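Data first, discussion second: the structure below is written as structure tokens.
Whatever order the structure lists them in is the order used to number ligands and atoms, beginning at 1. All values reported here derive from a predicted model rather than from experimental measurement.
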Amino acid sequence: MSDRTPIIAGNWKMHRDHLEAIQLVQKLAYHLDGADYEGQEVVVCPPFISLRSLQTLIQSDKLAIALGAQNCHAEDEGAFTGEIAAPMLARLDVRYVIAGHSERRALFGETDEVVNAKVKAIQSHGMRPILCVGETLEEREAGRAVEVVTEQLRGSLAGVRVADPESLVVAYEPVWAIGTGRTALPEDAQELCGAVRTELASIYDADTAAGIRVQYGGSVKPGNVRELMALPDVDGALVGGASLSSEDFALIVAHRR
Ligand code: 13P
């Protein structure tokens with residue numbers, strides 16, 4: 001048994017306006033009881049425009065839910081029309097920021113170098129990166145899954161220091177499992193999350209690697225979360241579609257009941 005604190009995060013992607021966001025978190029809180037939060041972290045990552053209202057709701061209702069953002073720019077400020085800077089997120093009590101999600105890599109051209117700069121920006125403002133890695137179906141079928149993930153980790157973590165292992169989260173999200181309803185087999189999820197930890201041990205050291213949380217992401221649902229969370233190297237879940245239903249996300253958070 002590891003003493004890593006499990007972390008369940010909902011990535012809402014580009015869904016829900018700010019009114020729907022408030023409703024979703026209120027309903028989530030309604031479905032959960034105190035014991036569901038205990039001993040694990042619960043994070044919601046709404047679109048930027050809802051961070052302020054959710055910060056207020058979480059504070060006023062004293063909810064044990066942390067705020068996450070889905071992205072940020074690597075620079076602290078500047079002429080970057082349409083972008084959001086890490087210090088702006090930190091000011092809203094954002095605790096986690098997703099970096100290098102496969103949708104950003106594939107649709108917005110984010111390279112490991114860009115992701116690396118974002119990870120550093122997130123850390124430098126006291127927030128915690130959720131660094132996403134994962135292979136495409138083509139890469140998996142070519143037997144290159146471990147190699148691809150290893151390369152993404154090396155590139156995205158170049159020069160990134162980790163003083164407190166809980167301050168870095170890595171999400172292994174096989175691209176072919178995202179939004180497809182096709183979850184990785186438990187043995188494949190374990191193999192790759194184990195490979196992530198092995199690589200983290202080589203980048204840092206065994207103790208640091210043993211303390212870093214590794215999430216699995218890709219079609220996590222109430223029906224499969226238990227077997228995924230039981231895997232030795234899976235410390236959490238990064239949930240897309242199912243995090244948009246307060247009932248489903250609550251069931252995922254409450255998977256230990
Ligand atoms: P789904 O849970 O919808 O497959 O999305 C996973 C994901 O991309 C979370 O970041």
Pair Arg257 + Asp36: basic N to acidic O under 4.0 Å: yes
salt_bridge(Glu110, Lys118) N-O dist < 4.0 Å: yes
Pairs meeting criterion salt bridge (Lys or Arg N to Asp or Glu O under 4.0 Å) with involvement of residues 83-100, two or more places apart: Glu41-Arg95
Any pair counted as salt bridge (Lys or Arg N to Asp or Glu O under 4.0 Å), so long as it reaches residues 6-18, sequence neighbours left out: Lys13-Glu103
Ile65: which of Leu54, Leu57, Ile58 passes side-chain contact (heavy atoms from CB on, under 4.5 Å): Ile58
Check each N or O atom of ligand 1 against all protein N or O atoms and list the pairs under 3.5 Å, with atom names and distances to 0.1 Å, one per line.
unit_1, atom_1, unit_2, atom_2, d
ligand 1, 2 (O), Ser219, N, 3.4
ligand 1, 2 (O), Gly240, N, 2.9
ligand 1, 3 (O), Gly241, N, 2.8
ligand 1, 4 (O), Gly179, N, 2.6
ligand 1, 4 (O), Ser219, N, 2.7
ligand 1, 5 (O), Lys13, NZ, 3.3
ligand 1, 8 (O), Lys13, NZ, 2.9
ligand 1, 8 (O), His101, NE2, 2.8
ligand 1, 8 (O), Glu173, OE1, 3.4
ligand 1, 10 (O), Asn11, ND2, 3.0
ligand 1, 10 (O), His101, NE2, 2.9
ligand 1, 10 (O), Glu173, OE1, 3.2
ligand 1, 10 (O), Glu173, OE2, 2.9

ring-ring contact (aromatic ring centres under 6.0 Å, His included) pairs, two or more places apart, involving residues 155-208: none
